[in-house]
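Scroll down for the structure; my scribbles are underneath it.
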Amino acid sequence: MLPLAERMRPKRLCEYIGQKHLVGEGAVIRVMIETGNLSSFILWGPPGVGKTTLARIIARELDRPFYTLSAVSSGVKEVRDVIDKAKKSNALMRDSFFSANNQELRQFGNNDITANPILFIDEIHRFSKSQQDSLLGAVEDGTITLIGATTENPSFEVISPLLSRCAVYVLKPLGMSDMDELLDRTLNEDEYIRARHLVIKEKESLFRFSGGDARKLLNIIDLVANTVTQKDADGNILIDNKAVTESLQQNPLAYDKDGEMHYDIISAFIKSIRGSDPDAAIYWLARMVAAGEDPKFIARRLVISASEDIGLANPNALLIANTAFDAVSKIGWPEGRIPLAMATVYLASSQKSNSAYLAIDSALETVKKTGNMPVPLHLRNAPTELMSELGYGENYKYAHDFANHFVKQQFLPDGMTDCRFWYPQGSPAEQKMSEWLRFLWGEDKK
C-alpha cells in the first residue's frame, strides 16, 4: 500500500491546500494555469509544503508533457536526453497540429497542443554549474518550461544566467487552518484511515510536531493510526497529545524519513552554538553528517551564526566560519566534517554578542520610518564642476589629516544626529571599541 502522504497527494488545483498567495484567486500561478501562459520558475520553500505536488498539478491542468529529474541522481546526460525528447515531442506535435486534422487536435485539452513540455527538477540546488548550464539554451528558446524546486535560497545555489530566466516563488509552511483542513480531509477521504476509526481529541501535538510540513503531518497520522491502541467504548482509536508524543518517542525515525527533520536539527545546532554548548553542537553536527546533509548548507549556517551570535565579541569567528565554508566547498564529504567540526567547536566556545545584528535591524526600522533622508552636502561626491558649485563635498574634513585619524563632523542626515543604533555589549572586545569611541567622540558616543 502506498504511504498516506502519497495517497493524499492532490491531483487538481481545487484539492491543493495552502499557498494562497500563489494559487488563490488572482494569484500569479493560478493566472498562469487559467491563461495557459506558463513561464519558467523556481519554487523555494521548506519540505512538505507542496512544491512537487504543485508542479504536477500545473502539468495536469495544462495537459502538458511532464518530465521529471532529481538533482540527486541525474547528470548532464540525463538533462540532454530530456531536452532531446522535448524537441522531438515539440516537432511531432507541431507537425500534427498543422496537419489536416488540426481542428480535432485543437480540442485536445484546454490549451494549444503546441505548448512546450514541462521539465520539473527536484532539489535543483544540488545541480552542479555544468548541469545548470546545460539547461540554459532549452529554457531560453522555449524547448522546455522549467519548474525547479529547492529548499535552499536560489541566489546561493542557482547560477545567475539560469536565475535570470526564471521567476522565484516562495512557498510558506502550512498555517494552522491549512493543517486543520488537511487533517479533516484525511480522516474523511482516506479509506484505510477511515477504517481505523480515528477520533482526534487533541490536535496540538500533531500540528506542533508537523511544523507546517504536510508530509510530516500525514506520516505522523499514519504512524499513530498503526501504533495507538487506546480505544473508547465504540471501538474508536483515541488520539490525544500524550498518544502522539509517546508514539513519536517510541518511533523517532518513523516520521523522519529522508531527513525531514532537516530544519529541526539545524535549529538545535545553531541554538547549541548560541548557548555555548560545544558538546551539543557537535552532536547535532554529527546527526547532519550521518544523514548526508549538504555540507555547504551547514557551513552557511555557521557563517550566519558567526555574524549574528558571536559578532564583534570575536570577529575571528567569522573568518573561521568563512574558511570552513571555503574548505567544504572544495573537499566535500567525508573530510569536510573536520573543518566543520573545528568551526563548530570554536563558535560554540567563543564569547557571544548580537550587537551588530541588533544595530542593523534597528537602523532598518529607522529607514522604514524616515524614508530616503538626503545625504548632507559635505558628504556628497562632486565629480563635476556644477556639483562643486552647488556645494557638494564642501567643508568635508579628511580624517587622516588629523590627530588619531579623527575629526568631529556630521555623518548622519540632518535631524538624525542624535540617533544611536549600535550599543556595545559586555565582551572585552566590544568594551575596548566602546572606550576608543568615547575617547574620540566624548559625550557624543556615550
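Position 1 is the first residue of the sequence; numbering continues from there.
Atom CD of E293 and atom CE of M288 lie 7.0 Å apart (nearest 0.5 Å). For the atom pair E61 CD and I33 CD1, the distance stands at 5.5 Å (nearest 0.5 Å). Expressed to the nearest 0.5 Å, how far CD1 of I193 lies from CG of D222 amounts to 5.5 Å. Put simply, CG on D414 and CD on Q410 are 5.0 Å apart, with the number rounded to the nearest 0.5 Å. A distance of 8.5 Å separates CG in L223 from CG in N219, rounded to the nearest 0.5 Å. Between L146 atom CG and S40 atom OG the span is 5.0 Å, to the nearest 0.5 Å.
For M342, the CE atom sits in a loose shell: 12 or fewer heavy atoms of surrounding residues, nucleotides or ligands are nearer than 6.0 Å. Heavy atoms of other residues, nucleotides or ligands lying less than 6.0 angstrom from CG of D401 number more than 12. Enclosure of atom CZ in F406 by more than 12 non-hydrogen atoms of other residues, nucleotides or ligands within 6.0 angstrom is indicated.
In terms of heavy atoms, L412 sits closest to C419 at CD1-O, 3.9 Å. For the residue pair R215 and G48, the shortest heavy atom distance occurs at NH2-N, 3.6 Å. Across L347 and L302, no two heavy atoms sit closer than the pair CD2-O, 3.4 Å. Contact record, I273 with S305: CG2-OG, 3.5 Å, taken as the closest heavy-atom pair. Of all heavy-atom pairs spanning V79 and S134, the tightest one is CG1-OG, 3.3 Å.
Between E202 and R208 there is no salt bridge, since no side-chain nitrogen of the basic residue lies less than 4.0 Å from a carboxylate oxygen of the acidic one. Ion pairing between E15 and K11 fails under the 4.0 Å rule for side-chain N and carboxylate O. Using a 4.0 Å cut-off between a side-chain N of Lys or Arg and a carboxylate O of Asp or Glu, D294 and R126 do not qualify as a salt bridge. Ion pairing between R80 and D84 fails under the 4.0 Å rule for side-chain N and carboxylate O. Classification of R9 and E6 as a salt-bridged pair holds, one side-chain N sitting under 4.0 Å from a carboxylate O. Between D309 and R274 a salt bridge is recorded (basic side-chain N to carboxylate O distance below 4.0 Å).
A search for side-chain hydrogen bond (donor to acceptor under 3.5 Å, both in side chains) contacts involving S164 returns nothing, not counting sequence neighbours. Here D81 pairs with K77 under the side-chain hydrogen bond (donor to acceptor under 3.5 Å, both in side chains) rule; sequence neighbours left out.
Distance alone, capped at 3.5 Å, is enough to place a donor-acceptor pair between the Q132 side chain and the I159 backbone. Judged by distance alone, with hydrogens and angles left aside, the side-chain atoms of S353 form no donor-acceptor pair with the main-chain N or O of A313 at under 3.5 Å. K408 places a side-chain N or O within donor-acceptor distance of the main-chain N or O of W441, the cut-off being under 3.5 Å. In terms of modelled atom types and a separation under 3.5 Å, the side chain of S210 and the main chain of L206 share a donor-acceptor contact. The backbone N or O of P413 sits nowhere less than 3.5 Å from a side-chain atom of T417 that would complete a donor-acceptor pair. In terms of modelled atom types and a separation under 3.5 Å, the side chain of Q409 and the main chain of K397 share a donor-acceptor contact. No donor-acceptor pair closer than 3.5 Å links the side chain of S350 to the backbone N or O of Y346. In terms of modelled atom types and a separation under 3.5 Å, the side chain of H21 and the main chain of V170 share a donor-acceptor contact.
Between V158 and the options N153, I42, T150, a side chain to side chain contact (heavy atoms under 4.5 Å, CB included) holds for only I42. A side chain to side chain contact (heavy atoms under 4.5 Å, CB included) with I29 is found for exactly one of V23, L13, I57, namely V23.
When side chains are defined from C-beta on, V328 counts as touching P339, because their heavy atoms get closer than 4.5 Å. Residues L340 and L285 form a side-chain contact, since some pair of their non-hydrogen atoms from C-beta on lies under 4.5 Å apart. In this structure the side chain of L136 never reaches within 4.5 angstrom of the side chain of E140, judged on heavy atoms. At a threshold of 4.5 Å between non-hydrogen side-chain atoms, the residues L217 and M179 count as touching.
A cation-pi arrangement is absent between R64 and F66 under the rule of less than 6.0 angstrom and at most 45 degrees off the ring axis.
Between the side chains of T227 and S247, a donor-acceptor pair is found at a separation under 3.5 Å. Residues K352 and S276 bring a donor and an acceptor atom of their side chains to less than 3.5 Å of each other. A donor atom on one side chain and an acceptor atom on the other are found under 3.5 Å apart for S128 and Q131. Looking at R438 and S434, their side chains do bring a donor and an acceptor atom within 3.5 Å of each other. S355 and E430 form a side-chain donor-acceptor contact under 3.5 Å, judged by distance and modelled atom types alone. Q425 and N354 are linked by a side-chain donor-acceptor pair at a separation below 3.5 angstrom, with hydrogens and angles left out of the test.
Sorted by first and then second residue, the ring-ring contact (aromatic ring centres under 6.0 Å, His included) pairs with a member in residues 28-57 read F41-Y169; sequence neighbours excluded.
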